[in-house]
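Only a predicted model underlies this, so the values are computations on that prediction, with no experimental measurement involved. Just so it is clear, the values below take in all heavy atoms, side chains as well, and ignore hydrogens, waters and symmetry mates.
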Amino acid sequence: MPTASWHWKGYLSLSKVVPFSHYAGTLLLLLAGVACLRGIGRWTNPQYRQFITILEATHRNRSAENKRQLAKYNFDFGSWPVDFHWEEPSSRKESRGGPSRWGVALLRPEPLHRGTADTFLNRVKKLPCQITSYLVAHTLGRRMLYPGSVYLLQKALMPVLLQGQARLVEECNGRRAKLQACDGNEIDTMFVDRRGRAEPQGQKLVICCEGNAGFYEVGCVSTPLEAGYSVLGWNHPGFAGSTGVPFPQNEANAMDVVVQFAIHRLGFQPQDIIIYAWSIGGFTATWAAMSYPDISAVILDASFDDLVPLALKVMPDSWRGLVTRTVRQHLNLNNAEQLCRYQGPVLLIRRTKDEIITTTVPEDIMSNRGNDLLLKLLQHRYPRVMAEEGLQAVRQWLEASSQLEEASIYSRWEVEEDWCLSVLHSYQAEHGPEFPWSVGEDMSPEGRRQLALFLAQKHLHNFEATHCTPLPAQNFQMPWHL
């Protein structure tokens with residue numbers, strides 16, 4: 001036995017155990033003394049006593065005045081009272097079949113081996129691969145995909161986050177709120193209300209979805225704020241004040257309660273809500289667009305169509321099967337598939353020097369996965385236009401690395417915008433607005449090229465910058481619609 005062995009070797013002799021117990025007891029007394037001193041210091045501090053009084057009053061009565069007083073203090077967000085619960089809207093289950101405690105609905109990937117009988121023997125054979133995928137996703141994979149959820153990074157960024165949060169509260173009159181999603185996660189949000197101003201864009205709410213290391217305190221919320229819109233920012237599960245871990249299901253659950261909060265507590269109609277996402281935030285943005293089809297518009301900046309090609313880019317080729325399986329089963333960010341379920345206006349912003357969502361090098365603009373997102377969207381909405389001739393013309397246009405080259409391709413095919421608009425208006429008047437459209441079915445190849453280029457230019461704007469460059473307010477434009 002180990003204890004007997006240590007005893008015979010002298011490790012557990014009384015002469016050695018007694019001094020160790022003295023050291024441990026002294027350390028415990030010191031820690032208890034420090035805790036007592038801290039408690040006494042807090043109790044004798046009138047500001048701290050006032051804070052405790054306001055916090056307790058807010059837990060009893062969540063009035064606007066109590067929350068305004070509480071917002072003056074910076075403290076552990078875990079003690080902040082819940083402002084909005086996912087079950088609060090009484091009509092949601094009647095209107096759209098609300099989420100269960102397991103979470104909101106997601107599009108599930110098709111099996112990797114279609115047509116294979118799902119027998120008990122096959123399940124047993126797959127079990128080692130499934131266990132490996134689970135372990136990879138919940139250890140290395142999640143932290144690589146969402147580095148902002150790593151504790152050490154958050155600790156290093158905390159002074160910057162606190163400064164950004166103070167700026168939003170003090171300079172923009174931001175209102176912080178805690179929302180509880182259906183999975184129990186608490187989501188940290190910040191709302192800036194511009195509805196009382198003369199600018200008409202203040203009547204619109206922009207819900208911002210941050211990147212994989214982005215926080216609303218220092219993230220993409222600054223762009224619509226500078227443009228004069230009302231803004232609602234939120235942090236991913238596991239980021240800053242939000243609890244949980246950022247897996248796709250948790251992400252969608254968080255986005256659901258954020259949209260519900262915007263509609264039922266902040267008082268915005270879906271037709272007045274715009275979803276704006278940067279980078280990996282495109283997943284929650286496209287999920288919201290798919291699940292709330294009445295939302296006004298979607299703007300995706302530096303986003304991608306699917307995670308698998310980007311994951312394969314950074315992992316060894318020998319891991320291809322494991323990476324694909326892990327992403328599909330646990331980290332399936334299927335932005336294009338979700339976006340194609342949305343019927344409203346969409347604008348894609350492509351960074352021409354993007355070093356993150358390209359699969360080769362930043363200079364190879366055709367490897368930017370934003371191209372694939374555009375092509376999949378146009379092929380879904382206008383399948384006849386995006387036949388061979390239209391697809392080839394759009395690919396040539398996407399290869400252009402400057403505005404001069406874009407204009408050259410556009411003029412080479414003699415795109416007549418008035419003619420394109422008249423064709424689209426006529427089709428919409430006759431067949432209605434619902435996609436997919438069969439426009440272009442009886443059109444000449446030249447006509448399909450013109451229409452394809454016209455639609456591509458309306459749905460994608462270039463921004464000459466790298467992935468993490470903040471988007472200027474003048475580049476924040478509403479999507480085109482007929």
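Residues in residues 222-239 take part in these side chain to side chain donor-acceptor pair (under 3.5 Å) pairs, two or more places apart or across chains: E217-N235, H236-E251. Screening residues 468-482 for side chain to side chain donor-acceptor pair (under 3.5 Å), with sequence neighbours left out, gives T466-T469.
Take R265 and apply the side-chain contact (heavy atoms from CB on, under 4.5 Å) test, not counting sequence neighbours, and it matches K67, F84, E88, F261. Scanning for side-chain contact (heavy atoms from CB on, under 4.5 Å) contacts around P128 gives an empty result, with sequence neighbours left out. Here Y134 pairs with H138, H330 under the side-chain contact (heavy atoms from CB on, under 4.5 Å) rule; sequence neighbours left out. Residues passing the side-chain hydrogen bond (donor to acceptor under 3.5 Å, both in side chains) test with E389, sequence neighbours excluded: R448.
Here the side chains of V221 and E210 are in contact, with some heavy-atom distance below 4.5 Å. Looking at heavy atoms from C-beta onward, L300 lies in side-chain contact with T286 at the 4.5 angstrom threshold. Side chains of I187 and K178 form no contact here, defined as non-hydrogen atoms less than 4.5 Å apart. T358 places none of its side-chain heavy atoms less than 4.5 Å from the side chain of D364.
For the pair R449 and F454, the cation does not sit on the ring face, since its NZ or CZ is not both under 6.0 Å from the ring centre and inside 45° of the axis. Seen from the ring of F77, R176 counts as a face-on cation partner, given the 6.0 Å and 45° thresholds.
Between F476 and Y276, the ring center distance clears the sub-6.0 Å criterion. Taking the six-membered ring where the residue is Trp, the centroids of W278 and H467 are separated by under 6.0 Å.
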Just do the salt bridge (Lys or Arg N to Asp or Glu O under 4.0 Å) check on R328 and D306 with the steps written out, would you?
-> CA-CA 10 Å; R328 287 286 176 250; D306 186 69; 3.0 Å; yes
Run the side-chain hydrogen bond (donor to acceptor under 3.5 Å, both in side chains) check on S438 and Y382 step by step: do they pass?
-> CA-CA 7 Å; S438 60; Y382 311 98; over 6 Å; no
Starting from the C-alpha separation in whole Å, work towards a yes-or-no answer on side-chain contact (heavy atoms from CB on, under 4.5 Å) for W397 and Q457.
-> CA-CA 9 Å; W397 180 76; Q457 190 185 55; 4.1 Å; yes
Evaluate the side-chain contact (heavy atoms from CB on, under 4.5 Å) criterion for residues C182 and D256: first the C-alpha distance (whole Å), next the side-chain angles of each, then the deciding distance (0.1 Å), finally the verdict.
-> CA-CA 9 Å; C182 59; D256 180 68; 5.7 Å; no
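Comment: D301 does not engage R350 in a salt bridge, judged by the lack of any side-chain N to carboxylate O separation of less than 4.0 angstrom.
The neighbour count for Q428 CD, taken as heavy atoms of other residues, nucleotides or ligands under 6.0 Å away, is above 12.
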